[in-house]
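Just below is one structure, and these are the notes that go with it.
When a ligand or atom number is given, it counts from 1 through the structure's own listing order.
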Amino acid sequence: METLTHQGKVLRIMDFFHYLPFPMLKVMNTIDIRSANAQHMYHPMIDPKAVAQTPPLILERGDGVYVYDIDGKAYLDTVASLWNVNVGHNRPEVITAIKAQLDKLAYYSTFQNTSNPPAIELSVRLMRLFATENMRKVFYSSGGSDAIETALKLARQYWKLNGQSERTQFISLKWGYHGVHFGGASLNGNPLFRDAYEPLLPGCHLVQNPYVYRNPWNEEDPEQLAQRCLQDLSDTIERVGARHIAALVAEPVQGAGGVIVPSESYWPGLRQLLDHHGILLISDEIVTGFGRIGSMCGARAWGVKPDIMAMAKGINSGYVPLGATLVNERVAKAWDQPNVPAAMMHGYTYSGHALACAAANANLQIVESEDLPSHAQAVGNYMQERLKELLAYHHVGDVRGKGMMSAIELVQSKSTRDMLLPPSPYIATLVNSARQAGAIIRVQGNRLILSPPLVFSLHDVDETLRILHTAFTAAEKT
Ligand SMILES: Cc1ncc(COP(=O)(O)O)c(C=O)c1O
């Protein structure tokens, strides 16, 4: 890391600000902002020591499916930032909507009974978009973890309002990811996200997930595996007792856990089992919502209607933070009961933020007018097909996905399927070579994840493959 000095004295960044009479922005132009990054800023999901050792990629501009760093180098964004910039970067329609709202009213809380036009318009739009799922009401928040936390709390309150206050526990799937709040973290099916923060919420139970490439039975037939997983769920419900279980939380395609795509019968079977026991189904649509797997929500791809849907990310493509928790007719009715006190003692300062909702309205206008779910399906099919080419490389054990979600699973050897994990020179070379060749790719654990903007074209897929071949060829030489 470069050192800053003043009159021969070595300075920490804080000292540097102290010596300079300039406003902060001017200071940031004069110092090396690369070294300033690690000195005072923590980054999510990484050891701060690793951040200090590696110069950050500092991005300052975006346009469509490309982002540009502070040196002007262009990168194809194969991950839509974090599965979320679905309409692409710097869309004039979204920016204009945000600016127009900013000129009127940037923000006012929606606590108790104040409201704003963009939030109301968005609520109407969401109910129309998810009429198939019988959604009736929405509760806004500031992101995916909030949307999950809201879902869990509403599920518990639902049962209290219905006189079954002992239904407090939750079930989720192994390898599931449900954000970072204590509720969501308690449901996370990957110990990596839990270990540092345990003990977490009691009464959370994990069941086997339909992961064909790795499962305890070595079952390779997707339909047979779905049945085994459903049996595991059924056994868990019997063991815990349905009368104690509030809800099951699951992603229609598990994302951060490695893009695990269930077979056709899994979600319908899940819904049937939960209905049999009266348990609520919370669909974590934070990645799959608004088109990523080829349908307006992920559950719809499996022909299933959840009781609650947690949404964020693609709702406004990340232009302003926003989360939304939708509830169906069944759930909403609990709050409609006459003479039953039912205050929602839950909410965020930024629930229904006017700028975020204005961005969402403009963003969803694009999603609908460009029919991005269908586009994602068509271009996604092509992407899934082309990605199979990567199976030719020594350390690629599995390639899988649906729509605009894919994972390439890296293994030490194809026969043992042992995971190839960081810090592996193979993985480092893969990421660095891709970056040099002009693409941002994301490796999480032993999976290379692709989740491009939904506006990706066939040409963009070809360009991604060209860069991936370059990166894998370089990695094979390590
Ligand atoms: C399926 C799923 N649920 C919840 C979250 C948490 O969302 P956020 O990071 O906006 O809090 C994520 C984030 O990636 C996610 O992928």
Side-chain angles (χ1 to χ4, degrees), residues 42-46 79-86 139-153 155 170 172-190 192-194 197 200-201 204 206 209 211 247-262 267 281-293 297-299 301-302 306 308-326 348 350-351 353 356 359-360 363 401-407 442-445 447 449-454:
Y42 283 137
H43 288 257
M45 310 290 178
I46 189 167
V79 286
S81 182
L82 209 52
W83 332 75
N84 58 334
V85 187
N86 290 358
F139 197 107
Y140 293 116
S141 55
S142 306
S145 300
D146 288 356
I148 287 289
E149 203 71 7
T150 302
L152 302 180
K153 289 174 85 173
F170 297 103
S172 57
L173 272 56
K174 284 199 173 156
W175 289 105
Y177 181 78
H178 303 292
V180 294
H181 293 348
F182 271 103
S186 305
L187 300 170
N188 271 343
N190 179 349
L192 259 187
F193 297 109
R194 307 163 51 104
Y197 309 106
L200 298 169
L201 197 67
C204 294
L206 287 176
N209 65 332
Y211 187 1
L248 175 140
V249 185
E251 300 150 86
V253 169
Q254 292 183 296
V259 187
I260 296 164
V261 186
W267 266 65
L281 172 57
I282 300 175
S283 186
D284 183 337
E285 298 276 355
I286 287 154
V287 167
T288 50
F290 308 104
R292 183 154 292 282
I293 62 171
C297 64
W302 308 125
I308 301 180
M309 302 205 293
M311 317 196 87
K313 295 196 189 272
I315 193 168
N316 68 11
S317 295
Y319 280 71
V320 185
L322 181 65
T325 304
L326 279 64
Y348 304 88
Y350 301 120
S351 285
H353 195 292
N363 172 76
K402 184 168 174 65
M404 290 291 205
M405 281 176 89
S406 306
R442 175 170 169 222
V443 175
Q444 200 189 357
R447 289 86 173 229
I449 306 263
L450 292 179
S451 56
L454 303 190

Is a side-chain N or O of Ser317 found less than 3.5 angstrom from the main chain of Asn86, in a donor-acceptor match?
yes
Is there a donor-acceptor pair under 3.5 Å between the side chain of Asn316 and the backbone N or O of Pro321?
no
When you measure from the side chain of Thr325 to the backbone of Ala310, do you find a donor-acceptor pair of N or O atoms at a distance under 3.5 Å?
no
Minimum heavy-atom separation for Gly143 and Ala312, please, with both atom names.
C-CB, 3.8 Å
Is a side-chain donor or acceptor of Arg292 paired with a backbone partner of Leu454 at a separation under 3.5 angstrom?
no
Spell out, as yes or no, whether a donor-acceptor pair under 3.5 Å connects the side chain of Asn190 to the backbone of Gly257.
no
First-shell residues of ligand 1 [heavy atom, distance under 4.0 Å]:
Gly143, Gly144, Ser145, Tyr177, His178, Gly179, Glu251, Asp284, Ile286, Val287, Lys313
